[in-house]
Amino acid sequence: MRLSQILISTLRDDPADAEIPSHKLLARAGFVVKIAAGVYTFAPLMWRVVKKFAQIVREELDREGANEVMLPIIQPKELWVSSGRWDRYVTDGIMFTLKDRKGSEMCLGPTHEEVMTAYVNAQVNSYKQLPVNFYQIQDKFRDEIRPRFGLMRGREFIMMDAYSFDADQQGLDEAYAKMRRAYCRIFDRCGVDYTVVQADSGAIGGAGSEEFMVIADSGEDSILFCRDSGYAANVEKAQSRLPAAPAGGEAKPLEKHATPDVKTVAQLEAFFPGWVAGRMAKTVLYHVTWKSKEKVTAVMMRGDLEINEVKLVNALDALTVRLATEDEIKKATGAEVGFAGPVGLPDDVPLLADESLHGVTNLLTGCNQTGYHCLNVNLGRDCRMPSFKELRLARAGEGCPVSGKPLEQARGIEVGHIFKLGTKYSKAMAATFMDQGGKPTPFVMGCYGIGVSRTPAAAIEQHFDDKGMVWPVAIAPFECVVAMLDPKRDEQQALAQQLYAQLQKASVDVCLDDRAMSPGAKFKDLELIGVPVQVFVGRKAGEGQVEFLVRKGMQKSECQAGEVAAKVLAALGR
RNA sequence: CGGGCCGUAGCGCAGUCUGGUAGCGCGACUGGUUUGGGACCAGUAGGUCGGAGGUUCGAAUCCUCUCGGCCCGACCA
């Protein structure tokens, strides 16, 4: 490939709307061009990168027996109604919907559980045909509330999603393990530093799930991990061991104290000397939405700890929760914000508490009366016994649930997610096969996703320097470039073309930079584009001397033309 | 959707407060000189100042509405 024949348009300045390194660099190097918020054109060099990554994904999935298919992007509403997800996705505003000429409602697929389940249900009738595993690599559409960070969170993006269908749980466990192995090989091969973490299964539902996280400061997810035990989890899911709060001792008589304008835990610590946050229980009111009802609910948490809203949603089996508004709080508790508590809480407000409060005596809490708090509150004696759940947000520094050593925190970019769905969709959609006993049985499903356009961006978050991108070899647009510094000079043309041909013969993915531009500009351009190995044919071409650059680390050296092929292969690790 | 902010040439920006000839840098084009770190000289093209309405003798500038976009929060590959 001659670079003079590819449209390469690099910018000198970072685009104003880019925040993170990968977005700045990909836009500046002309790899992506925005056409609307979260919607991008992939230029030839970027498309080469995506195709290379997709090919790695295909090879590793095929190796585990998965089969690639092509699924429709336009999907009928009925399919989504049948799984029960139409309303939720439309209400959340995440679905692109449209009507055809007859007025039938359709959507652009944000994910493909429905289509795939319908396909397999139609084709698979017997346990003898199982297990099967299908995947696709295609555009997905989600009308993200806030598209951002270039390719990281687009509204149209490329995703691989795979779906496994098994006869029973054991089959699913095996399918899941295979996919996990394949995922590890995929991310190993493309040269990113990643961690597999326990994850919440969120809107997709199901039992177990793990996320593949590329560690990067710009990551939108927060993860906790332990070097000692290998425990790692998304904070949404993470658990921890906690140092015990000071003991409350024998139950003492309830006391009510006037606490005008004292509303926060910090203010209470100052107001009641000797009472530390660990002896307090804060009561936070949430507006909770279920499928067919909504209600304000009180949630108690130890004063020095925080509530994990994802755990709260799961504990309540709710669709969403949000903090109650000031008005909702007044209506539910009868008091101003800052004085909610379990004591005197109206019976129609459900009461939950975190495990950290289980068995704790003589608490300091609010009592639903503006300007008052209670001391020596004992749950079950002075108020209803709340229903105890694990609702606490784990934090760095707390003990690893496995080893007890302090947990560390990092930011991560979610590039892959694997789920054990179970029978959630197959039951909803009545997707069954005949088991050995001749009984219709729902498929036991798994689903598995990889962000195909996101992963290369994530790779750049880990591999760049002040000069530009530093592509890992496996997904670089080209492995090597042979650049002539002055295409008008015959000896440079001749030597560059000779080296180019030689490297092609050696199966190197090489391009020839024959563009007419000043040497300085060419150096800058190729540094920005980040081809891993760069060979410059310049003024010493007549003597058979060229320059050799390994982009990572910018080590530059001169060598004889005859050594080039060997040096390139060595630098590429072959 | 809530909170902050921005729309002026292909890109990055100034001009807006205080109304009066629409500017700068980069890029592009032509000619010439260059050819090892985004070259130099001379010249050229390119803008309904996001859109609509209003105030005014006069609006990029003031007012109203609207459409885009960005950033901070809740969703996700």
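Shown here, B:rA59 forms no base pair; nothing in the strands shown gives a Watson-Crick or G-U wobble contact with both key distances under 3.5 Å. If you check B:rG37 for Watson-Crick or wobble pairing at under 3.5 angstrom, you find it has no partner at all. Of the nucleotides present, none pairs with B:rG19 by Watson-Crick or G-U wobble criteria with both distances under 3.5 Å. Across all strands shown, B:rG2 forms a Watson-Crick or G-U wobble pair with B:rC72, both key distances being under 3.5 Å. Pairing of B:rU48, defined by two Watson-Crick or G-U wobble distances under 3.5 Å, is not identified with any nucleotide. Across all strands shown, B:rG25 pairs with B:rC11; the Watson-Crick or G-U wobble distances both stay below 3.5 Å.
Along RNA chain B, the nucleotide closest to A:Lys556 and the one closest to A:Ile94 are compared, and the more 5′ of them pairs with A:Lys556. Comparing A:Pro147 and A:Lys467 against RNA chain B, the residue whose closest nucleotide sits nearer the 5' end is A:Lys467.
Minimum heavy-atom separation, A:Leu485 to A:Gly538: CD1-CA, 3.9 Å. Between A:Val481 and A:Val531, the shortest heavy-atom distance links the atoms N-CG1, 3.6 Å. Pairing each heavy atom of A:His417 with each of A:Glu210, the nearest pair is CD2-O, 3.1 Å.
Judged by atom type and distance alone, A:Lys34 does not reach the base of B:rG68 through any side-chain donor-acceptor pair under 3.5 Å. A donor-acceptor contact under 3.5 Å is formed by the side chain of A:Arg153 with the base of B:rC76.
In this model, the phosphate group of B:rC70 is not approached by any side-chain N or O of A:Arg148 to a distance below 4.0 Å at OP1 or OP2.
Among the protein residues, A:Asp525 comes within range of the nucleic acid bases, having at least one heavy atom under 4.0 Å from a base atom. A:Arg322 comes within 4.0 angstrom of nothing in the nucleic acid, heavy atoms only. Nucleic acid contact class of A:Thr10 (heavy atoms, under 4.0 Å, all strands): base. Among the atoms of the strands shown, none is found under 4.0 Å from any heavy atom of A:Met160. Within the nucleic acid shown, A:Glu211 has no heavy atom closer than 4.0 Å to any nucleic acid atom. Within the nucleic acid shown, A:Lys488 comes within 4.0 Å of at least one base atom, counting heavy atoms only. Among the heavy atoms of the strands, none lies under 4.0 Å from A:Glu309. Among the atoms of the strands shown, base atoms are found under 4.0 Å from some heavy atom of A:Gly154. Residue contacts shown for A:Asp143 are absent, as no nucleic acid heavy atom lies under 4.0 Å away.
Remark: A:Asp17 pairs with A:Lys34 by the salt bridge (charged side-chain N to carboxylate O under 4.0 Å, His left out) rule, at least two apart or across chains.
Atom CZ in A:Arg85 sits about 10 Å away from atom P in B:rC76, given to the nearest Å. A straight line from CD1 of A:Ile8 to P of B:rA28 spans 14 Å, rounded to a whole angstrom. In this structure, the CD atom of A:Glu19 is 16 Å from the P atom of B:rC6, given to the nearest Å.
Among pairs with a residue in residues 511-549 of chain A, those fulfilling ring-ring contact (aromatic ring centres under 6.0 Å, His included) read A:Phe523-A:Phe536, at least two apart in sequence or across chains.
Between A:Tyr448 and A:Tyr183, the ring planes are perpendicular. Angles over 60° get that label, and only those under 30° would be called parallel.
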